[in-house]
**Q** 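What follows is a structure written as structure tokens; I'll ask about it next.
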Number of protein chains: 2
Amino acid sequence: MSAEDRLALDQLTTLRLRRCGAREDVISEGEVPRDVNLILSGWACRYKQLEDGRRQILAFFLPGDICDLNVYILREMDHSVAALTPLVVGELPRDALEEVMQRHPRIAKALWWETLVNAATQREWTVSLGKRSAFERMSHLFCELFFRLRAIGFTSESQCELPLTQAELADATGLSAVHVNRTLQELRGAGLIQLKDRVLRIPDLRALKEAALFNPNYLHLDHEGRGLDANRS
Amino acid sequence: MSAEDRLALDQLTTLRLRRCGAREDVISEGEVPRDVNLILSGWACRYKQLEDGRRQILAFFLPGDICDLNVYILREMDHSVAALTPLVVGELPRDALEEVMQRHPRIAKALWWETLVNAATQREWTVSLGKRSAFERMSHLFCELFFRLRAIGFTSESQCELPLTQAELADATGLSAVHVNRTLQELRGAGLIQLKDRVLRIPDLRALKEAALFNPNYLHLDHEGRGLDANRS
DNA sequence: CGGGGAGTTGAAACGCCTCAAATGAGGTGG
DNA sequence: CCACCTCATTTGAGGCGTTTCAACTCCCCG
């Protein structure tokens with residue numbers, strides 16, 4: 001990316017900042033989005049809730065992730081985004097964003113790359129919920145998060161932060177909190193992970209990948225579109 | 001959409017046609033896509049297969065649907081698309097498509113709308129697999145297909161074609177074929193559907209929606225971006 | 001007339017859920 | 001500094017939804 005591209009991005013992201021407390025909605029289903037939200041620090045999630053209260057987490061957002069580029073084309077949010085930890089969010093005015101995309105094709109392409117990877121990740125989650133066992137599903141989630149965190153420099157050695165409660169893991173994997181707990185014990189027992197005090201350690205990533213049937217191709221990490229995150233620009 | 005827009009579209013879609021037999025791959029995981037595929041007639045599906053053979057259907061494509069606008073940005077397919085019935089596919093050269101999108105903002109917007117609705121649908125499937133029971137899940141799928149078919153004029157009264165085997169329904173809903181069979185019987189028993197000889201009848205759509213906890217908002221059918229399908233242009 | 005795929009049925013097993021209660025780890029006010 | 005709250009995690013026991021395996025029927029097609 002050219003220096004000029006970066007400058008354009010920086011100008012965009014420094015415009016408006018917003019802070020959210022943990023568990024607070026960044027944007028809620030039914031709202032008409034005015035801006036595009038860029039996570040600058042903290043973890044967030046996309047979720048949907050059924051009328052009777054059942055909640056499904058659909059995606060995790062890490063620093064540098066954009067929630068719903070261009071959803072405003074759909075007029076109205078069909079899901080919600082919530083903070084999992086305290087959050088700093090950059091609000092990108094959509095007009096300014098569109099202008100930047102027009103003037104800087106490389107940025108535009110990187111943003112589309114992000115949107116498409118989001119979609120690919122959603123597909124992989126569908127596969128997990130449809131075809132993977134609880135054990136494989138949790139392994140797969142840990143693999144995915146570890147790969148994504150590593151790509152933005154948020155891992156050290158074989159470990160990373162994991163600021164999620166078991167209830168949140170349950171909502172993401174479609175399991176009950178109780179069964180998440182037991183599955184975590186199985187994973188620990190198998191020596192595949194250590195998880196304590198919000199820190200995840202993966203002693204043997206290869207083994208965990210095999211257990212999860214994890215193929216990182218859907219993250220498309222090997223592509224030029226990568227690296228548009230807040231921490232690199 | 002202006003007459004000029006339509007003309008541009010027609011020129012695009014009439015360029016190259018391709019026929020696929022049922023069960024044939026339109027494009028396979030790992031391939032580098034050269035064109036964007038537009039379904040002109042027949043049903044197709046997007047699917048992923050795990051190393052050990054388990055297969056998950058991720059989406060159904062109906063006439064007028066575009067498979068993976070812009071996935072070429074990701075270089076390589078991370079999933080496959082297969083014909084469920086004999087298929088006629090329009091192959092849109094990606095350069096021509098990009099040019100059209102640049103020159104016809106309204107078409108561009110409609111195409112983005114399609115991409116975003118795809119993503120929203122994938123999210124809803126994730127919710128189904130994560131949180132809905134077999135009974136609700138099948139109901140939901142039938143609601144979705146019926147709404148989509150109605151939007152493209154492929155329903156009459158309260159019925160539509162449903163050229164899917166129970167095994168395919170199983171792969172889509174994350175259930176076993178046996179359980180799909182039993183669930184269909186339950187649905188029939190509850191008077192929610194009739195399904196015979198590839199024809200689905202929904203005597204009381206309202207009731208089916210309630211059983212499915214179906215909220216059509218994620219299809220965003222009430223929007224101007226709609227109606228770019230092959231049958232209307 | 002034979003073969004194969006789609007649909008159907010039964011019985012047993014298993015994975016995961018629900019309910020309920022106990023333990024542990026902060027955080028606050030007295 | 002302790003009592004007490006709340007929230008996250010853990011454990012046990014029983015039940016249900018769904019899977020698996022196997023067999024059988026039906027129908028279309030060769």
Side-chain angles (χ1 to χ4, degrees), chain A residues 21-24 43 50 52-57 82-86 128-141 161-190 193-200 211, chain B residues 21-24 43 50 52-57 82-86 128-141 161-190 193-200 211:
Chain A
R23 273 142 224 264
E24 201 179 311
W43 286 43
L50 297 182
D52 63 5
R54 283 175 276 180
R55 183 176 93 131
Q56 176 69 41
I57 290 180
L84 294 167
T85 68
S128 270
L129 294 180
K131 289 279 130 69
R132 280 187 253 258
S133 67
F135 190 87
E136 295 165 336
R137 224 179 280 180
M138 303 257 340
S139 306
H140 195 276
L141 178 58
E161 295 270 323
L162 194 95
L164 303 174
T165 66
Q166 294 184 1
E168 285 159 350
L169 287 171
D171 281 345
T173 53
L175 302 168
S176 68
V178 171
H179 201 60
V180 163
N181 182 286
R182 296 198 227 266
T183 306
L184 284 175
Q185 292 176 44
E186 268 191 84
L187 281 164
R188 281 190 274 248
I193 63 159
Q194 292 156 37
L195 177 55
K196 215 183 165 227
D197 299 330
R198 327 264 97 139
V199 173
L200 172 68
Chain B
R23 272 144 225 261
E24 201 179 312
W43 287 41
L50 298 181
D52 62 4
R54 282 176 276 180
R55 182 176 95 132
Q56 176 68 43
I57 290 181
L84 293 167
T85 68
S128 269
L129 295 181
K131 290 279 130 70
R132 280 189 253 257
S133 67
F135 190 87
E136 296 165 336
R137 225 181 280 179
M138 303 256 341
S139 306
H140 195 276
L141 178 58
E161 295 270 323
L162 194 95
L164 303 173
T165 66
Q166 294 185 358
E168 285 158 351
L169 287 171
D171 281 346
T173 52
L175 301 167
S176 67
V178 170
H179 200 58
V180 163
N181 183 289
R182 295 198 230 264
T183 305
L184 284 174
Q185 292 177 45
E186 271 191 83
L187 282 164
R188 281 190 273 246
I193 65 161
Q194 290 156 36
L195 177 55
K196 214 181 164 228
D197 299 331
R198 322 267 99 136
V199 173
L200 172 68

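Owing to the predicted nature of the structure, the values given are computational and were not obtained by experimental measurement. Each chain gets a letter, A, B and so on, in the order the sequences are listed, and its residues count up from 1.
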**Q** Using a heavy-atom cut-off of under 4.0 Å over every strand shown, decide if Ala177(B) touches base, sugar-phosphate, or nothing.
**A**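 Counting heavy atoms under 4.0 Å across all strands, no contact is made by Ala177(B).
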**Q** Is there a side-chain polar atom (N or O) of Asn181(B) under 4.0 Å from OP1 or OP2 of dT8(C)?
**A**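 For Asn181(B), the contact criterion (side-chain N or O under 4.0 Å from OP1 or OP2 of dT8(C)) is met.
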**Q** Of the nucleotides dG10(C), dA20(C), dT9(D), which one has an atom closest to the side chain of Val178(B)?
**A**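 From the listed options, dG10(C) comes nearest.
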**Q** Side chain of His179(A) only, please: which of dG7(C), dT19(D), dC17(C) is the nearest?
**A**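 Nearest listed nucleotide: dC17(C).
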**Q** Which residue lies toward the 5' end of DNA chain D, Arg188(A) or Arg182(A), if each is placed at its nearest nucleotide?
**A**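 Comparing both residues, the 5'-ward one is Arg188(A).
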**Q** Any base atoms under 4.0 Å from Leu175(B), or only sugar-phosphate, or nothing? Heavy atoms, all strands.
**A**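 Since only primed, P, OP1 and OP2 atoms lie under 4.0 Å of Leu175(B), the category is sugar-phosphate.
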**Q** Tell me what Ser176(A) touches on the nucleic acid: a base, only sugar-phosphate, or nothing, going by heavy atoms under 4.0 Å.
**A**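 The residue Ser176(A) makes base contact.
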**Q** Does Ala172(B) offer a backbone N or O that forms a donor-acceptor pair with the side chain of Gln56(B) under 3.5 Å?
**A**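 Such a contact is found between Gln56(B) side chain and Ala172(B) backbone.
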**Q** Indicate yes or no for a side-chain donor-acceptor contact from Lys131(A) to the backbone of Arg55(B) under 3.5 Å, with no hydrogens or angles considered.
**A**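 The answer is yes, because a donor-acceptor pair under 3.5 Å joins these two groups.
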**Q** Are Ile193(B) and Arg188(B) packed together at the side-chain level, in the sense that at least one heavy-atom pair is separated by less than 4.5 angstrom?
**A**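 They are in contact (side-chain heavy atoms under 4.5 Å apart), so the answer is yes.
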**Q** Can you tell me how far apart CG (Leu169(B)) and CG (Leu184(B)) are? Round to the nearest 0.5 Å.
**A**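 These two atoms lie 6.5 Å from each other.
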**Q** What's the CZ-P distance between Arg23(A) and dC7(D), to the nearest Å?
**A**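 One finds 9 Å between P of dC7(D) and CZ of Arg23(A), rounded.
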**Q** What is the distance, rounded to the nearest whole Å, between atom NZ of Lys196(A) and atom P of dG24(C)?
**A**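 Atom NZ in Lys196(A) sits about 13 Å away from atom P in dG24(C).
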**Q** Is there a side-chain contact between His179(B) and Thr173(B) in this structure, where contact means two heavy atoms from C-beta onward sitting under 4.5 Å apart?
**A**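 A side-chain contact under 4.5 Å is absent here.
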**Q** Does Gln166(A) make a side-chain N or O approach to OP1 or OP2 of dT10(D) shorter than 4.0 Å?
**A**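 Result: yes.
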**Q** Are any of Gln185(A)'s side-chain N or O atoms less than 4.0 Å away from OP1 or OP2 of dT11(D)?
**A**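 Checking Gln185(A) against dT11(D): at least one side-chain N or O falls below 4.0 Å of OP1 or OP2.
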**Q** Would you mind reading off the distance between Leu169(A) atom CG and dT10(D) atom P, rounded to a whole angstrom?
**A**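 To the nearest whole Å, that distance equals 11 Å.
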**Q** Less than 4.5 Å apart, any side-chain heavy atom of Arg137(A) and any of Thr183(A)?
**A**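 Heavy-atom side-chain distance check fails, nothing below 4.5 Å.
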**Q** Kindly indicate, with the supporting measurements, whether the criterion side chain to side chain contact (heavy atoms under 4.5 Å, CB included) is fulfilled by Leu141(A) and Ser128(A).
**A** CA-CA 9 Å; Leu141(A) 178 58; Ser128(A) 270; over 6 Å; no
**Q** Kindly say if Arg54(B) contacts the phosphate of dT19(D), meaning a side-chain N or O under 4.0 Å from OP1 or OP2.
**A**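 No.
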**Q** Looking at every strand, decide which applies to Arg198(B) at a 4.0 Å heavy-atom threshold: base, sugar-phosphate, or nothing.
**A**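 Counting heavy atoms under 4.0 Å across all strands, the contact made by Arg198(B) is with sugar-phosphate only.
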**Q** So for the helix from dC1(C)-dG30(D) to dG30(C)-dC1(D), with five pairs setting each end axis, what is the inter-axis angle to 10°?
**A**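 Its terminal axes enclose an angle near 30°.
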**Q** Calculate the interatomic distance between Asp171(A) atom CG and dA8(D) atom C1'; express it in whole Å.
**A**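 My rounded result for the distance is 14 Å.
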